[in-house]
Structure formats: C-alpha cells, structure tokens
*Asks:* 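Pasting a structure below so you can have a look.
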Amino acid sequence: MSDAASTPTDFIRDIVAADVASGKHPVPKTRFPPEPNGYLHIGHSKSICLNFGIAKEFGGTCNLRMDDTNPAKEDVEYVESIIADVKWLISGWADHCLGFKAPGATPGAQRVEGKPDFFLGSVAPGEEGRPFHASDYFVQIYAYAVELVRRGKAYVDDLTPEETDRYRQEGRPSPYRDRPIAESLDLLERMRGGEFPDGTRTLRAKIDMTSPNMWLRDPVLYRIRHAEHHNTGGQWCIYPMYDFAHVLSDYLEGITHSICTLEFEVHRPLYDWILESLDLPRALPHQYEFARLNLNYTVMSKRKLLQLVNEGKVSGWDDPRMPTISGLRRRGVTPEALRAFAYNVGITKYDGVTDVAVLEHAIRTDLNKRAERRLAVLRPLKVVITNLPAEHREDLEAVNNPEDETAGTRKLAFGRELFIERDDFAEVPPPKFFRLKPGGEVRLKYAYIVKCEEVIKDASGQVVELRCTADLESKTGGANSNRKVKGTIHWVHAGSSVDAEVRLYDRLFTEEDPEAKGDFKACLNPHSLETVQAKLEGSLAGVKEGRWQFERLGYFAVDRESAPDRLVLNRTISLKDTWAKEAKK
Ligand code: ATP
Ligand code: MG
C-alpha cells in the first residue's frame with residue numbers, strides 16, 4: 001500500500017513501459033502543466049503523482065510547467081504556491097525527477113534557421129532554476145503560427161468572437177477563410193504589432209468546418225488581448241489559445257507522454273493535427289487521457305474555490321477545510337498520505353466519484369504509523385483526587401506509539417488535580433454509559449481506577465468539579481492492576497498542563513454533491529470549524545511543529561499561526577470510533 005513498497009500498474013504505465021522497451025522513448029518525459037489561476041487541489045495531486053510517478057519509475061523527468069497563456073486570470077502568488085505545493089508533494093520521493101529550467105537556459109536560443117523548429121536550452125532535472133512557462137515560448141509559438149499560415153493551414157479571421165462561435169456551431173465557414181496567405185500574414189503581423197483592438201480579429205486553424213468534432217471546426221489559435229502578463233509583461237497583445245500553446249510547449253520540451261484528463265480526449269485530434277501540419281523534425285509527443293479525481297462532500301474547481309476565498313467563507317486558500325494541497329498540508333496531512341491516496345484511487349478511463357472516506361482512510365493509516373501518542377483534553381472538567389495530598393506528584397510511564405516500538409515511552413505527570421473530558425462524565429448517564437458517573441468508577445489511562453464521590457456545581461447548576469477517590473492499588477502495570485472496570489478515559493495533569501487553542505474541523509459541505517443543487521454555497525456546513533481551549537500534557541510545552549495522536553480524540557498538528565505564547569493546533573482527522581474499543585478493554 002505505501003508508495004515505497006510496490007509499483008502501481010495501469011493502462012498509461014503499460015504504454016510507457018512498452019515505449020521504453022521498444023526503444024521508442026527510452027527515457028520518458030512527462031509534464032505537469034497547471035494554469036496559475038488558483039492553488040492546487042487534491043485533484044491535481046492525482047495528476048502530479050501520476051506524472052512524477054512515471055518519471056520516477058522509468059528513470060525519466062517530469063517538467064513543472066505553468067500553463068500561463070491567459071493573462072487576465074493569472075498571478076505570481078499562484079505560481080509561487082504551485083511550486084511550493086509540487087515540491088512538498090514529491091519531497092522524499094521524486095525530487096530528483098523534477099524538470100526545471102536550468103539557470104541561464106534561454107528557450108529558442110538554438111534556433112535553426114530555415115526550419116520551423118526550435119530547441120530549448122538544456123534542462124537539468126533537479127537543478128535549481130525555475131519552472132517552465134508556456135509563456136516562455138511565445139516567440140516560438142508565434143513563429144509556428146506564421147508557419148501554419150504560410151502553409152495555408154491557418155488564416156486571420158475578422159469575425160467577432162460571437163460570430164465565430166455561431167458559425168462553428170452551424171458548421172459554416174467564415175467569409176475570410178480563403179483570404180490570400182499574404183493578406184493573413186500581413187494581418188497577423190499587425191495583430192501582433194497592436195494595431196487592432198481586442199476581439200476584432202483572430203487567427204484560426206483551417207481544418208474542417210463540417211467535422212462532427214467541434215474542436216476541428218477551424219478552432220481559434222490566437223486572440224487579441226491588450227493585457228499585461230505576469231511573466232511577459234507588456235510584450236504581447238496577442239495570446240495563443242490553450243490547445244495551440246499546450247501541444248507546442250510539449251513538443252518544445254521534448255515531452256514523450258502528455259497525460260491529461262478525459263475531457264481533453266476530444267481535443268486529441270487537434271493536438272495531433274497541429275503537430276502533423278508543422279512537419280516537425282523531432283519525435284512528437286502523444287496525448288493520453290485518464291479519469292479526473294472527483295471527491296464527494298467537496299468542490300474542486302479552482303473557480304469555485306476562489307469564490308469561497310473571496311467571499312470569506314474560508315480563511316484563505318490554505319484554510320485547513322479546503323481541498324487544496326496547501327490546506328491539507330496545513331491541516332497536518334503528510335505528502336506520503338496524499339501519495340498513498342492517489343495510489344489507492346488508481347488510474348482508469350472511467351469517471352466516477354471517490355468517497356472522501358477513502359482519503360480519510362489514507363490519512364489515518366499514515367498518521368497511525370508515524371504519530372506519537374499524547375494525552376490532551378479538549379473540553380476540560382476539573383477532577384480532584386481527594387485521597388492524594390496536594391503535593392503528590394508521580395511520573396507514570398506511557399507508550400509513545402504502540403505501532404512503532406522504536407518510539408519508546410515517556411513520563412506522564414500525575415497528581416491530585418486533573419482534567420478530564422466533559423463528555424466523559426454524565427450526571428444522569430444514558431444506558432451503557434461506561435465512563436464516569438456519580439458513584440461510578442472508571443480507569444484513567446496509564447494510571448488508576450477512580451470513583452466519583454461528589455459533584456460540585458456553580459450557582460447556575462453547571463458541573464465545575466468532580467471529587468473522586470483513587471484506588472491506589474489499581475495502578476496500570478502495577479502488581480494489583482488486574483481489577484477491571486468497564487471504561488477507560490484520558491486525562492491531563494492540571495499542574496503541568498499546557499493551554500492550547502485547538503481547531504476542530506468537519507466537512508465543509510453537508511451534501512455529497514454540493515454542485516447538484518445549483519448553488520454550492522447553500523450547503524456549506526455551518527459547523528465545519530469549532531475552536532476549543534484545550535489542556536495538553538506537559539510534554540507538549542513549547543512545541544513549534546509536529547503531529548500527534550491525542551488518545552481517543554484523533555490526530556493533531558501544530559498550525560502555522562501557532563506562537564510560543566499561544567499554541568494553536570489543528571485536528572487533522574478524528575479517530576474511528578475508539579470509544580467502543582476502549583470500553584471493551
Ligand atoms: P480546475 O477545473 O480545478 O480549474 P484545471 O483542470 O483547469 O482544474 P489545470 O491547472 O489546468 O486545472 O490542471 C493542471 C493539470 O492537473 C491538468 O493536466 C489537469 O488535467 C490536472 N487535473 C486538474 N484537475 C484534476 C482532477 N480533478 N483530477 C486529476 N487531474 C486533474
Ligand atoms: Mg485547465
């Protein structure tokens with residue numbers, strides 16, 4: 001199950017393996033091409049794990065490329081976050097496969113005159129540098145556009161965007177379709193020169209206006225957009241469309257297997273048409289499609305996630321309730337867990353919805369192995385052990401991780417004043433309540449059996465303190481510890497405890513398919529965040545980072561807002577119903 005233990009197989013890896021074996025592509029090269037118009041989400045992690053996984057397994061590289069052809073929606077903040085998220089997700093696993101542009105590599109520097117082909121500067125995997133950008137190739141992509149016009153395979157069209165859409169729907173050729181090549185070349189040059197306002201002209205591929213595949217009905221290759229671009233600034237006022245820029249970026253980088261999600265299957269004939277029409281000298285990339293990841297109880301499109309951020313429904317892109325990679329990281333999820341999840345989901349050709357429980361299972365399995373156990377009380381209720389003197393203090397022995405012997409044990413302070421969980425006491429207990437009740441007994445984990453002798457309330461009737469006696473013969477691990485009671489609960493020693501703000505998260509949406517009813521924001525879960533003031537065992541004093549299992553409560557991690565004088569923790573995920581298990585012990 002862990003990504004280190006076995007190598008996945010699927011139809012795409014079978015294709016790559018065959019291409020490696022036949023010598024067609026001895027060194028496969030993939031790419032991960034996000035558009036920097038938002039933060040990466042868990043769906044992207046599936047694609048990252050696939051593309052980097054293939055590079056790793058077959059000794060290749062995977063380029064990180066910003067698919068940044070749309071100047072309006074893109075932003076440097078997104079570029080930075082994407083780099084950080086990808087590096088985090090592949091850390092300790094496929095770092096050496098990361099294809100970055102080497103410092104000083106100038107795309108197009110080795111242009112071969114007279115050939116519509118360009119070579120990239122050398123790319124050293126893993127070397128410091130920056131990611132590739134589709135916008136780095138604007139010069140070459142434009143040259144390819146000119147080449148297509150020269151070959152009679154593209155033309156400048158004067159139809160408006162609305163007319164173009166309508167004509168394409170109707171399968172009707174534009175009246176400009178057969179304008180002379182020289183005229184198109186001249187107009188294209190002038191489009192680039194900034195002579196025409198937005199929306200007045202486009203460059204269109206000349207393919208087949210009657211094709212049943214809409215993407216082949218003379219798709220637009222370039223549009224006029226007088227806008228600043230985050231990478232190229234004011235250099236350009238025409239921008240290539242996704243399909244045109246994408247395939248040529250793949251080609252320029254020497255990508256062998258261009259892997260994308262199923263909705264691009266219908267674009268594949270256009271992908272191939274562009275490559276074939278340019279008569280390119282080097283090996284051509286090929287596109288393969290797989291089913292995207294869909295998860296229930298969440299939305300995944302960047303546009304919708306952006307709405308949640310902009311409308312203050314969450315605290316930001318990395319709000320721990322967000323399905324973003326940065327949100328999951330902040331919540332305490334490890335890259336190993338996300339990779340195991342991607343592995344478990346697998347790669348298929350069939351769209352489906354993955355139950356969020358599959359993700360939660362991967363997170364629990366991972367944290368169960370790595371997280372040391374600690375005691376903490378989320379909603380404290382004071383307990384006084386009346387048969388111990390005020391100065392009583394002893395160090396008990398607690399196991400750090402039953403799943404990992406090497407994690408050892410630690411000392412746990414115990415004394416007269418403790419905190420237990422409010423929920424673990426019931427004045428009027430329901431049937432089968434095995435925790436503490438008036439006159440009842442319970443075991444304090446790693447410690448003694450205590451009996452509730454007296455319940456103290458404040459003026460409003462709220463229980464504020466329990467006075468208990470401990471059976472001092474019943475110490476866990478002691479000679480007389482075999483006396484059994486039905487319940488075991490966790491606790492924290494008051495005198496040495498540490499205060500912390502703990503943020504408890506629940507699913508962000510109450511509906512399995514938030515988009516089904518139109519307005520996805522209408523089914524936001526009003527209880528998705530609860531903040532409590534907790535008491536933690538003394539060993540956690542001063543922690544700056546880390547992940548622990550708080551026994552019976554779940555897995556917790558230090559939040560990035562935590563400070564030395566104000567510890568803040570996130571609950572990464574709750575445990576399964578451990579109460580039922582504990583009660584049987
Ligand atoms: P969104 O619709 O969320 O904006 P997108 O597909 O537009 O996503 P891109 O930045 O274009 O996002 O995606 C980068 C890569 O990640 C693409 O190759 C895309 O196929 C892949 N990808 C995006 N979403 C998913 C998903 N849910 N499952 C698997 N792969 C995905
Ligand atoms: Mg996209």
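Note that ligands are numbered from 1 as they come in the structure, with each ligand's atoms numbered from 1 the same way. We number each residue from 1, following the sequence as shown. Keep in mind that the numbers below use all heavy atoms, side chains included, and drop hydrogens, waters and symmetry copies. No experiment lies behind these values; they were computed from the predicted model shown.
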*Asks:* Any donor-acceptor pair under 3.5 Å linking the side-chain atoms of H257 with those of D19?
*Replies:*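 Their side chains do contain a donor-acceptor pair, which is all the 3.5 Å distance test asks for.
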
*Asks:* Is F290 in polar range of ligand 1, meaning some N or O pair under 3.5 Å apart?
*Replies:* no

*Asks:* Between Y239 and F138, is the gap from one ring center to the other below 6.0 Å?
*Replies:*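 Yes, they do, as the ring centres are separated by less than 6.0 Å.
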
*Asks:* Looking only at side chains, do N231 and D136 share a donor and an acceptor under 3.5 Å apart?
*Replies:* yes

*Asks:* Tell me the nearest of E35, E289, R303 to atom 11 (O) of ligand 1, using heavy-atom distances.
*Replies:* E35

*Asks:* Using a strict cut-off of 4.0 Å, indicate which atoms of ligand 1 neighbour a heavy atom of P34.
*Replies:*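 Here the atoms of ligand 1 in question are 10 (O), 14 (C).
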
*Asks:* For atom 21 (C) of ligand 1, which of C260, C49, S47 has the closest heavy atom?
*Replies:*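 Looking at heavy atoms only, the winner is S47.
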
*Asks:* Around atom CH2 of W215, are there more than 12 heavy atoms of other residues, nucleotides or ligands at under 6.0 Å?
*Replies:*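 Count not over threshold, so no.
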
*Asks:* Would one find an N or O of E263, backbone or side chain, under 3.5 Å from an N or O of ligand 1?
*Replies:*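 In this structure, E263 places no N or O atom under 3.5 Å from an N or O of ligand 1.
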
*Asks:* Does ligand 1 come near enough to F264 that some N or O of the ligand is less than 3.5 Å from an N or O of the residue?
*Replies:*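 No: no nitrogen or oxygen of F264 is under 3.5 Å from one in ligand 1.
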
*Asks:* Which atoms of ligand 1 sit under 4.0 Å from any heavy atom of H41?
*Replies:* 3 (O), 24 (N)

*Asks:* Just jot down the ligand 1 atoms closer than 4.0 angstrom to any heavy atom of M300, in number order.
*Replies:*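 Result: 3 (O).
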
*Asks:* Can you list the atoms of ligand 1 that are under 4.0 Å from a heavy atom of R292?
*Replies:* 6 (O), 24 (N), 25 (C), 26 (C), 27 (N), 28 (N), 29 (C)

*Asks:* Taking the non-hydrogen atoms of F32, is any one of them nearer than 4.0 angstrom to ligand 1?
*Replies:*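 Right, F32 reaches ligand 1.
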
*Asks:* Enumerate the atoms of ligand 1 whose separation from the nearest heavy atom of S301 is less than 4.0 angstrom.
*Replies:*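 This gives 3 (O) as the contact atoms.
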
*Asks:* Kindly say whether the aromatic ring centers of Y242 and F264 come within a distance under 6.0 Å.
*Replies:*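 So the answer is yes for these two rings.
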
*Asks:* For Q235, is there any backbone N or O sitting under 3.5 Å from a side-chain donor or acceptor partner on T232?
*Replies:* no

*Asks:* Give a yes-or-no answer on whether the side chains of S528 and R507 include a donor-acceptor pair shorter than 3.5 Å.
*Replies:* no

*Asks:* Does the N or O separation between H44 and ligand 1 drop below 3.5 Å for any pair?
*Replies:* yes

*Asks:* Any N/O of T261 closer than 3.5 Å to an N/O of ligand 1?
*Replies:* yes

*Asks:* Which word best sums up how the rings of H246 and Y271 line up, parallel for under 30°, tilted for 30 to 60°, or perpendicular for over 60°?
*Replies:* tilted

*Asks:* Can you tell me if E170 has over 12 outside heavy atoms packed within less than 6.0 Å of its CD?
*Replies:*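 More than 12 heavy atoms, drawn from other residues, nucleotides or ligands, come within 6.0 Å of this atom.
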
*Asks:* For ligand 1, which is the ligand I care about here, please tell me if K302 has any N or O atom under 3.5 Å from one of the ligand's N or O atoms.
*Replies:* yes

